[in-house]
K.L.:
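One structure, as structure tokens, below. Some questions next.
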Amino acid sequence: MSGGSGIKACALCGRAFFGTSEDMACGDCEGRYRRLRDQVREYLWHQPGQVASIDQISADLGVPMKIMRELMKDPRFKGKEID
Ligand SMILES: [Zn+2]
């Protein structure tokens with residue numbers, strides 16, 4: 001357990017919460033956030049070798065751009081090149 005935890009802003013509601021660098025959403029939004037993240041991951045999974053822009057993902061999945069940008073900061077998305 002080293003570093004990385006502190007006060008963060010929730011990716012969905014913007015409220016401050018205490019979490020680690022891997023926590024992106026507050027307790028209230030966590031479930032919803034995970035579903036969104038899984039949705040986006042699955043979307044990307046079906047596009048091998050194709051670079052989907054976040055605008056396109058946002059439009060196709062109906063995820064607001066603001067949330068898409070937060071999703072892309074999620075350390076779990078590392079390794080996927082999305083611009
Ligand atoms: Zn929240």
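In each ligand, atom 1 is the first atom listed, and ligand 1 is the first ligand listed. Keep in mind that this is a model prediction, so the values were computed, not measured. Counting from 1, the numbers follow the sequence of the chain as shown.
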K.L.:
When you check the space around the Zn ion (ligand 1), which protein N, O or S atoms turn up under 2.8 Å?
P.N.:
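Correct list: C10 SG, C13 SG, C26 SG, C29 SG.
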K.L.:
Please report the shortest heavy-atom distance between S21 and K8, naming the atom on each side.
P.N.:
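Here S21 and K8 meet closest at O-NZ, 3.4 Å.
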K.L.:
Considering residues at least two apart in sequence or located in another chain, which fulfil the salt bridge (charged side-chain N to carboxylate O under 4.0 Å, His left out) criterion with R69?
P.N.:
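R69 satisfies salt bridge (charged side-chain N to carboxylate O under 4.0 Å, His left out) with no other residue.
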K.L.:
Determine the minimum heavy-atom distance between F17 and M24, stating which atoms define it.
P.N.:
CZ-C, 3.8 Å
K.L.:
Would a single hydrophobic cluster contain both F18 and Y33, if residues Ile, Leu, Val, Met, Phe, Trp and Tyr are joined by side-chain heavy-atom contacts under 4.5 Å?
P.N.:
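Looking at the clustering, F18 is in a separate group from Y33.
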K.L.:
Taking 4.0 angstrom as the limit, do D74 and R37 come out as a salt bridge?
P.N.:
yes
K.L.:
Please name the pair of heavy atoms, one in A52 and one in I57, separated by the smallest distance, quoted to 0.1 Å.
P.N.:
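Between these two residues, the closest heavy atoms are CB-CG1, 3.9 Å.
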